[in-house]
Every structure is written in structure tokens, then in C-alpha cells.
Amino acid sequence: MLKELHLRSVGPSAQFDVEFADRVNIFTGDNGLGKSFLLDVAWWVLTGNWVEQIAYPQRNTEQHPEIISQIETKYGLKDYQSGFNFSEQQWLKNQLPPELNEVVIFVRVDGSFSVFDPLRSRESAYNFTTDTLWNGLKFKRKVICNGIIQDWGTWQNKPQKSPFQILSNVIKKLAPHPDEWIEIGEPTRVSVDDVRDIPTINLPYGNIPITQASAGMKRILGLAYLLVWTWYEHLKAAELTQQEPMNQIVLLIDEIESHLHPRWQRVILPSVLSVINDVLQDMPFVTTPPIFIPYRIENIQQNMKIQTLVTTHSPLVLASLEPLFDEDKDKLFLFEMQGKDVELNEIFWTKQGDTVGWLTSEIFGLKQARSQESEIAIEAAEAWMRHNDMSDFPEHLKTQSQIHQELLKLLPGHDPFSPRWIETAERINSG
């Protein structure tokens with residue numbers, strides 16, 4: 001579990017300092033300020049692997065670039081420090097000690113995934129493109145993962161259907177609304193060019209092969225499969241190596257709302273947090289043939305710690321956390337510009353009530369949750385009602401008549417500002 005991260009002369013700011021919460025960490029802020037970058041560095045700190053390219057330090061800086069972290073291990077908190085080797089253009093290898101005790105899953109915004117499982121490999125992570133997630137991942141003639149299409153079908157046809165039943169339950173729970181349910185259907189042949197039977201899902205409007213699902217639906221199905229597959233294979237690795245399963249999972253999700261309709265945005269994060277616990281609790285740990293294991297899987301499950309680092313631009317995602325946000329376990333962070341510098345600050349959690357409240361909060365910083373043109377027209381109306389100087393407003397918003405016509409064009413009849421404008425304008429004109 002990641003406790004602290006301190007960056008010096010690397011990334012968009014000269015200095016970042018983060019103390020993470022134990023459960024949910026939400027990162028918000030404008031594009032280009034460092035949210036995805038922070039997840040990339042957190043992934044490297046926890047796994048010793050970069051997903052694509054490394055995080056290069058800033059140029060022409062007087063401060064020596066450093067990545068400093070604190071991680072919770074089996075035997076307490078451990079501090080790690082890495083500097084940048086300019087001659088070799090790489091960070092000093094982040095050595096993973098044997099006491100690390102966590103599985104790490106990285107859900108990226110482009111639909112790809114990465115998994116780090118120390119029981120399977122401590123040297124490298126498994127990086128899935130959308131293609132390898134669906135069709136299988138191989139390395140040096142070894143099959144790392146069969147892929148969602150083959151595993152789904154195999155699990156569905158097994159007499160002992162534990163992974164399949166868990167996958168089915170996870171998919172059901174990730175559905176956005178009771179009226180938009182998702183159930184697993186029977187596999188079907190789709191094309192003469194593909195001899196595989198493709199898994200299908202039943203939706204309110206009918207049955208479709210998963211290969212023909214929408215981008216948002218595929219991301220949800222991929223996430224459901226990856227959660228089940230990761231823990232299933234982790235338990236298999238524990239059986240084969242006769243080691244204890246890990247008791248910590250760190251889940252990194254970049255732009256959790258990506259491709260998702262607002263209905264789905266409103267439930268996705270609470271649903272993910274819920275299904276992770278379901279996967280851990282429901283997955284059986286059975287050895288065949290029986291071997292002596294000096295622990296019980298129930299103890300591992302009961303003591304499991306799940307930490308999430310999530311980036312989002314969605315007010316609905318933040319609104320969805322209001323019923324379950326715990327200030328002792330969760331934190332909200334904001335990337336923002338201060339002059340020419342980027343700062344990362346923890347924000348005091350305050351319920352905003354609805355998406356309008358979130359949009360106009362310090363998190364998103366909008367003056368109004370309307371179109372930009374409507375906002376300017378209302379500001380002009382406010383200025384006119386207060387007899388303020390109108391010189392800074394556009395030429396078509398200088399007089400009462402012009403402002404009135406613009407408001408009629410932009411605002412719906414039920415907009416709460418309309419009655420106030422009409423009443424005030426009539427009073428000023430009559431007075």
C-alpha cells in the first residue's frame with residue numbers, strides 16, 4: 001500500500017508531495033496538470049515497471065531529480081528513494097523487497113490494463129492492450145493469459161463454475177441501473193472467419209456478442225474480467241508455490257468515467273469498490289491435490305486492504321461518493337495552476353449535493369453550470385441591474401433590450417434567473 005510520494009524536479013511541478021489515504025484517493029483537476037502522470041509514477045514505485053515511457057526529469061533544474069516513496073509492507077513502513085541517472089537516461093532501479101505484499105492493477109484511459117502480481121513474477125508486470133486482453137497474452141511461448149473470450153467460455157462450460165459465477169455477479173453489479181441490466185448469455189458463433197464461440201450478454205433490448213458491444217460496455221466487461229482473472233490466477237499461483245496469498249490490492253484507475261453515460265458515471269466507482277470485495281470473498285481457495293497450507297484463506301480475506309487511486313473529470317463521480325466518503329479512510333486532491341506553477345493540494349471534503357454544486361465548487365471552478373454564452377449574458381444582466389460599467393461586455397450586450405433578447409435566446413423558460421431578471425428590469429424601468 002502506498003503511503004507517501006514525493007517528487008522533486010520531475011513532472012509538471014518542481015515539487016509534489018502526497019500523503020495517500022488508506023482506501024479511496026480521488027485526483028481531480030484540469031487537463032495536462034499531472035493526474036495521469038501521478039498514476040504512472042505510483043505504478044512504477046509499486047511495481048518497478050513503467051507502462052510505456054519513463055517519467056523524465058525537468059531540464060535545467062538546480063534541484064537533483066528524485067522520486068521518494070513510503071510503502072506499507074509486511075513488516076511495517078519502508079522508505080525508498082531513487083535518483084535519475086542522466087548518462088543512462090533512467091531512474092535507479094526500484095528494488096522490490098521480498099516483504100512487499102500487494103497485487104497492483106492499473107486501468108488506463110485508453111482501454112488497456114496492467115497487472116503486477118508478485119507471486120507470478122516479481123521482475124515484470126503484465127501489460128494488456130485491448131487486443132491481448134480479449135484474445136490472450138503470450139510471452140516467450142508461454143501463455144500468460146487466455147484472454148476474456150477464451151476464459152469466459154472455459155469458465156462457463158466448467159462443471160465447477162466458481163470463476164464464471166463470480167464474473168456473472170460482477171457484471172450484474174457494474175450495470176448502471178436496474179432498467180439497464182446486464183446478464184450473461186450463451187456463447188455463439190459470429191463469423192465464418194473466427195471459429196471461436198463468442199460469449200454474449202443479454203441486455204434489455206436483446207442478446208449481443210461481447211465483441212460487438214459499445215466502447216463503454218467493453219471497458220466495463222474488460223474491467224470485470226480483469227478483476228476476476230487477476231485474483232483467480234493469484235490464488236492459483238499461491239497454490240502452486242505454496243505461499244500465502246497477498247493481503248493488499250492497489251487499484252489505479254485513470255479517468256474512471258471514460259466512455260460512460262452519466263447514469264453509469266453516477267454508480268461506477270461505488271460499484272467497483274463493492275465488487276472487489278465480492279471477488280475476494282467469493283473466490284474459493286482449493287488445492288488439488290491437497291497440500292499443507294499454514295494459513296486459512298478466510299483470514300487473508302478478512303484482513304484484506306484495498307487502496308484505490310482514481311482520476312476523474314466527472315462531477316457525477318464525486319457526487320456518487322457522498323454516501324460513502326469517510327474522512328478517516330478517503331482523500332480528495334486537486335491539481336491546479338498557481339501563477340506559472342502546478343500545485344497538488346488535498347481538498348477538504350464537503351458535500352455539494354448535486355452536479356451543479358460540484359461544477360461550481362473549487363474542484364471544477366465554474367461560475368455557473370450553464371453554457372459559456374449564457375454565463376456571459378447573465379453576468380451582463382447582473383451588471384446592468386446593479387448599474388455597473390458595461391464597457392467590458394460585448395457590443396451585443398450593452399443595453400437592456402440587447403440583454404433581454406440574448407437571455408430569451410439562451411435560457412429555457414424554467415431557468416431560475418429569468419423571473420428575477422424580468423421583475424428587476426420592470427422595477428428599474430418603472431422607477
Side-chain angles (χ1 to χ4, degrees), residues 1-7 10-11 16 18 20 25 27 34-57 65-74 78-86 88-133 136-140 142-145 147 222-223 226-227 229-231 233-234 237 241 243 246 248-255 306-311:
M1 184 175 293
L2 187 56
K3 304 297 287 186
E4 295 182 16
L5 185 59
H6 306 278
L7 307 182
V10 55
F16 275 156
V18 192
F20 296 92
N25 296 271
F27 295 91
K35 298 186 300 299
S36 298
F37 164 80
L38 185 70
L39 293 191
D40 286 339
V41 175
W43 167 260
W44 178 77
V45 164
L46 290 167
T47 70
N49 295 266
W50 295 104
V51 172
E52 293 179 352
Q53 66 176 11
I54 70 172
Y56 288 100
E66 287 183 310
I67 297 177
I68 304 167
S69 60
Q70 185 179 82
I71 300 175
E72 181 180 334
T73 71
K74 289 181 180 180
K78 300 287 186 179
D79 295 322
Y80 303 93
Q81 185 171 349
S82 179
F84 190 75
N85 187 318
F86 283 92
E88 297 184 7
Q89 287 291 286
Q90 64 180 6
W91 293 94
L92 300 178
K93 180 65 175 177
N94 189 31
Q95 298 294 334
L96 296 178
E99 63 266 19
L100 274 181
N101 197 38
E102 57 211 3
V103 174
V104 191
I105 302 173
F106 193 177
V107 183
R108 301 197 295 282
V109 70
D110 63 356
S112 57
F113 297 83
S114 293
V115 174
F116 179 75
D117 185 344
L119 289 191
R120 298 191 67 186
S121 173
R122 297 189 66 85
E123 298 300 322
S124 60
Y126 303 136
N127 296 319
F128 294 88
T129 64
T130 52
D131 177 67
T132 56
L133 179 72
L137 178 65
K138 297 181 180 180
F139 181 71
K140 293 183 178 180
K142 294 181 180 179
V143 179
I144 304 299
C145 174
L223 176 60
L226 195 80
L227 292 174
W229 174 84
T230 298
W231 194 243
E233 293 298 336
H234 179 73
T241 60
Q243 298 183 66
M246 302 293 177
Q248 296 184 22
I249 291 180
V250 181
L251 179 63
L252 316 175
I253 308 181
D254 197 8
E255 293 189 26
I306 303 167
Q307 183 185 44
T308 58
L309 279 61
V310 179
T311 72

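The model shown is predicted, which means the values in this text are computed figures rather than measured ones.
Between Ser82 and Glu66, the closest side-chain pair of non-hydrogen atoms is not below 4.5 Å. Side-chain atoms of Gln248 and Gln307, non-hydrogen and from C-beta on, never get closer than 4.5 Å to each other. When side chains are defined from C-beta on, Asn25 does not count as touching Val310, because their heavy atoms never get closer than 4.5 Å. Using a 4.5 Å cut-off on side-chain heavy atoms (C-beta onward), Asn49 and Phe116 make contact. Annotation: side chain of Arg120 is in contact with side chain of Glu233 (closest heavy-atom distance under 4.5 Å). Counting only heavy atoms from C-beta outward, the side chains of Leu252 and Val250 approach each other to under 4.5 Å. Annotation: side chain of Thr311 is in contact with side chain of Leu39 (closest heavy-atom distance under 4.5 Å). Using a 4.5 Å cut-off on side-chain heavy atoms (C-beta onward), Leu137 and Phe139 make no contact.
From Thr308, atom OG1 reaches atom CD1 of Ile306 across 9.0 Å, with rounding to the nearest 0.5 Å. To the nearest 0.5 Å, atom CG of residue Leu133 and atom SG of residue Cys145 are 7.0 Å apart. Distance check: Asp117 CG to Ile144 CD1 gives 11.0 Å after rounding to the nearest 0.5 Å. Remark: Ile249 CD1 to Thr230 OG1 distance equals 8.0 Å, nearest 0.5 Å. Atom CG of Leu2 sits about 6.5 Å away from atom OG of Ser69, to the nearest 0.5 Å. Between the CD atom in Gln70 and the OH atom in Tyr80 there is a gap of 10.0 Å [rounded to 0.5 Å].
Between Trp44 and Leu92, the shortest heavy-atom distance links the atoms CZ2-O, 3.7 Å. When all heavy atoms of Val51 and Asn127 are compared, the pair lying nearest together is O-ND2, 4.2 Å. Phe27 and Leu38 get closest at one heavy-atom pair: CE2-CD2, 3.3 Å. The minimum heavy-atom distance linking Trp50 with Val41 is given by the pair CZ3-CA, 4.1 Å. Minimum interatomic distance between Ala55 and Trp91 (heavy atoms only, all atoms of both residues): O-NE1, 2.6 Å.
Not counting sequence neighbours, the partners of Thr129 by the side-chain hydrogen bond (donor to acceptor under 3.5 Å, both in side chains) test are Thr132. Scanning for ring pair (Phe, Tyr, Trp, His ring centres under 6.0 Å) contacts around Tyr126 gives an empty result, with sequence neighbours left out. For the ring pair (Phe, Tyr, Trp, His ring centres under 6.0 Å) test, residues two or more places apart in sequence or in another chain that qualify with Phe128 are Trp229.
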Problem set entry | Chi angles and distances behind the side chain to side chain contact (heavy atoms under 4.5 Å, CB included) call for Glu102, Leu46 | CA-CA 9 Å; Glu102 57 211 3; Leu46 290 167; 3.2 Å; yes

Problem set entry | Worked verdict on Ile71 versus Val45 for side chain to side chain contact (heavy atoms under 4.5 Å, CB included) | CA-CA 9 Å; Ile71 300 175; Val45 164; 3.8 Å; yes

For this session: Output, in order, the C-alpha distance, side-chain angles, deciding distance and verdict of side chain to side chain contact (heavy atoms under 4.5 Å, CB included) for Phe37 and Val10.
Result: CA-CA 10 Å; Phe37 164 80; Val10 55; 3.9 Å; yes

For this session: Evaluate the side chain to side chain contact (heavy atoms under 4.5 Å, CB included) criterion for residues Leu5 and Phe20: first the C-alpha distance (whole Å), next the side-chain angles of each, then the deciding distance (0.1 Å), finally the verdict.
Result: CA-CA 8 Å; Leu5 185 59; Phe20 296 92; 3.6 Å; yes

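The backbone N or O of Met246 lies less than 3.5 Å from a partner atom in the side chain of His234, making a donor-acceptor pair.
Aromatic ring pairs are classed by plane angle as parallel below 30°, tilted from 30° to 60° and perpendicular above 60°; the pair Phe84 and Phe86 is perpendicular. Taking the six-membered ring where tryptophan is involved, the planes of Phe106 and Trp43 are tilted, since the angle between them lies from 30° to 60°.
Checked by atom type, the side-chain pair Gln243/Thr241 shows a donor-acceptor distance below 3.5 Å.
The environment of Gln89 atom CD is dense: over 12 non-hydrogen atoms of other residues, nucleotides or ligands sit within 6.0 angstrom.
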